Amino acid sequence: MIRVRFAPSPTGLLHIGNARMAVFNWLFAKRHKGTFILRIEDTDVARSEKKYITQLIEDLHWLGLTWQEGPDVGGQYCPYLQSERLHIYNDICQNFLKEGMAYRCYCTYEELEERRQIAKLTGKPPRYDNRCRELTDKQKRAFETSGLSYTIRFKVPDELVVFDDLIRGTCQFDMSLTGDFVIMRSDGTPSFHFAVAVDDTLMNITHVIRGEDHLSNTPCHILLFHALKQKPPQFAHLSLTMGADRALLSKRHGAFSISEYRRLGYLPEGLLNYMMLLGWAPKDKKEKFKVDNIIDTFEISSMSKSASVFDQQKLDWLSGQYIRETDLDKLTNLAIPYLQTAGFVFTDETKIDRAKLKMILDAVRSNISCMSQIVQEVDIFFKDVVISENHVEFLSSETSQTILSTFYMNLQKLNTLSPDIFKEVLKTVQKETKVNGKGLYMPIRIALTGREHGPELYSIANILGINACKTRIERFLLVKNK
RNA sequence: GCCCCCAUCGUCUAGUGGCCCAGGAUGUCAGGUUCUCAGCCUGAAGACAGGGGUUCAAAUCCCCUUGGGGGUACCA
């Protein structure tokens, strides 16, 4: 049974880069009918916050990801919050100490920092020199009685660690170049390396799928797995995602958070689809797809090895594709909150004219790539028309007036309007005035909307309805008589 | 500094030695859609980082250089 985990630290909002790791873990689990686990790595007490855990879970759910084990759903390897597993790490660490695989280090943070600086300046590797490894009993006693706090370090053996990465192939690291690393901080919390190895062991994780930034950490983890007498899991290190500035996506890029995209009204299916396009490509070259349709073809080994740049324009295109295909009712529901905030629509949903709203959505959906953009597209349907000086002048011209009055007269013969009827009316106006193209459409468009741009005229007229159309035209017929 | 990973159009990618004077998508530009913006359709421009090998044959294998990214923390 395959078991994978997504293990974020709740130190900020979930961004595209991290979320993508979750997505591929989830996809891998689905592909192999395995278990997807959510584990929260909140051992960094200073930076972790509860609110981020809630937010994280919400964002992941919004994207459509589900997990079989996690802090919110439980599972047989409880708890899934590392902060609640402290006693476990401590017990295992005591064992390491007893077996001589780890030792206490009394170096202070300041001392270490100073040595690192000196090493850097003299061109030497800035790593820990393992000095507390060989402390004499006398020295140990002296440190003990002085009450100095200590960390616990793992004895890194001088060996070559070799492993096969599912994406990168064989990787090897010479561990004689690595200093003994901390597994327990002086405050009794485990370091990331230790917590990861312990939890992956205890939770029977079979495949560790994570970012390439962890590739260099992997040999340390493998050593720890050996110490835990556990066969290391399979590793797959995915390429990372960068912003347009070619710097890694991080909390610094606040705009790339999942909740921000959600707030802007991107459809989760579209975002999910786009994230999968980063580092992976569907065999059939159809870049817009339903996850269910690609699961069987997904091979993690075929994922890209190189980092990719997040392309907002392509996301917008893809998201727009989804908006064009989404069920109109559903789309209308998604639009309502934005229209309410903009004051275009009643707060009391029962008062909303849904039929009209649906027509509006249908008319403007191809102009937007996320739902928040709806607001700037629909004001012509909700606000009074404001005409600029230039437009008044334009509408007052001889030809414009001919068009408007002819159009108006034809409207007078009608009781209702539909896209088809509107097209017929325009044909008639064209015949009667001998004006066509821009000359014909522009006066009507401007009189009706006050703008030169907008959706198709026939759908505007249809949405406005015959009476509003008449009223809006009438106002500019009066201009002529003044 | 040292260690590790990576390198195809601006961007995401296909390509696993001959099917590739490199395919798709996005973006850009042009034309079409009897109005505009958008959409849609059609078309165009646009890449194997450089240098050495190996081979009858290299985008594909090897080496070097260059470039990018990561690690080297009592962050994860």
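A note on names: the letters A, B, ... follow the listed sequences, proteins ahead of strands, and every chain is numbered from 1. Worth saying up front: this structure is predicted, and the values here are computed from it rather than measured.
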query = What's the CZ-C1' distance between R365(A) and C40(B), to the nearest Å?
reply = 14 Å
task = Could you state the atom-to-atom distance from CD1 of I380(A) to C1' of U36(B) in whole Å?
result = 12 Å
ask   = Which pairs pass salt bridge (Lys or Arg N to Asp or Glu O under 4.0 Å) with one or both residues in residues 154-177 of chain A, sequence neighbours excluded?
value = R168(A)-E212(A)
key: salt bridge (Lys or Arg N to Asp or Glu O under 4.0 Å) pairs, two or more places apart, involving residues 365-379 of chain A   = D362(A)-R365(A), D379(A)-R451(A)
query = Does K140(A) pair with E144(A) as a salt bridge, N-O distance under 4.0 Å?
reply = no
Could I get a table of every N or O pair under 3.5 Å where one atom is in the protein and the other is in nucleotides 61-65 of chain B?
none

Tell me which nucleotide among [options] gets nearest to the side chain of [X].
X	options	value
Y441(A)	C5(B), G39(B), C35(B)	C35(B)
S308(A)	C6(B), U13(B), A38(B)	U13(B)
V309(A)	A7(B), U34(B), C12(B)	C12(B)

Pairwise [atom1] distance, [M] and [N] [rounded to whole Å]:
N	M	atom1	result
G15(B)	C61(B)	P	13 Å
G53(B)	G17(B)	C1'	15 Å
C41(B)	C56(B)	C1'	46 Å

key: Contact summary for T43(A) and Q82(A), nearest pair of heavy atoms   = CG2-OE1, 3.4 Å
remark   = Residues at least two apart in sequence or cross-chain that pass side chain to side chain donor-acceptor pair (under 3.5 Å) with Y103(A), listed by chain then number, are D180(A)
key: Partner residues of T241(A) under the side chain to side chain donor-acceptor pair (under 3.5 Å) criterion, sequence neighbours left out   = R20(A)
Quick one: salt bridge (Lys or Arg N to Asp or Glu O under 4.0 Å) partners of [X], sequence neighbours excluded?
X	value
E114(A)	none
E432(A)	none
R39(A)	E41(A), D199(A), D200(A)

Would you mind pulling out the nucleotide paired to [N], Watson-Crick or G-U wobble, both distances under 3.5 Å?
N	result
C35(B)	none
A47(B)	none
C61(B)	G53(B)
C20(B)	none

remark   = Hits for ring pair (Phe, Tyr, Trp, His ring centres under 6.0 Å) against F143(A), two or more places apart or cross-chain, chain-then-number order -> Y106(A)
Please tabulate, for the side chains in residues 280-289 of chain A, all donor-acceptor contacts under 3.5 angstrom to protein atoms that are two or more places apart in sequence or on a different chain.
from, atom 1, to, atom 2, distance (Å)
D284(A), OD1, K286(A), N, 3.0
E287(A), OE1, K314(A), NZ, 2.7
K288(A), NZ, E325(A), OE1, 2.8

note = Contact string for nucleotides 25-31 of chain B, one letter per nucleotide 5' to 3', B = base within protein heavy-atom range under 4.0 Å, S = sugar-phosphate only, - = neither, reads BSS----
ask   = Which letters describe nucleotides 66-76 of chain B, given B = protein heavy atom under 4.0 Å from base, S = only from sugar-phosphate, - = neither?
value = --SBBS-SBBB
key: Single hit among F194(A), F192(A), F173(A), F181(A) for ring-ring contact (aromatic ring centres under 6.0 Å, His included) with H221(A)   = F192(A)
key: 5'-most by nearest nucleotide on RNA chain B - C171(A) or Q430(A)   = C171(A)
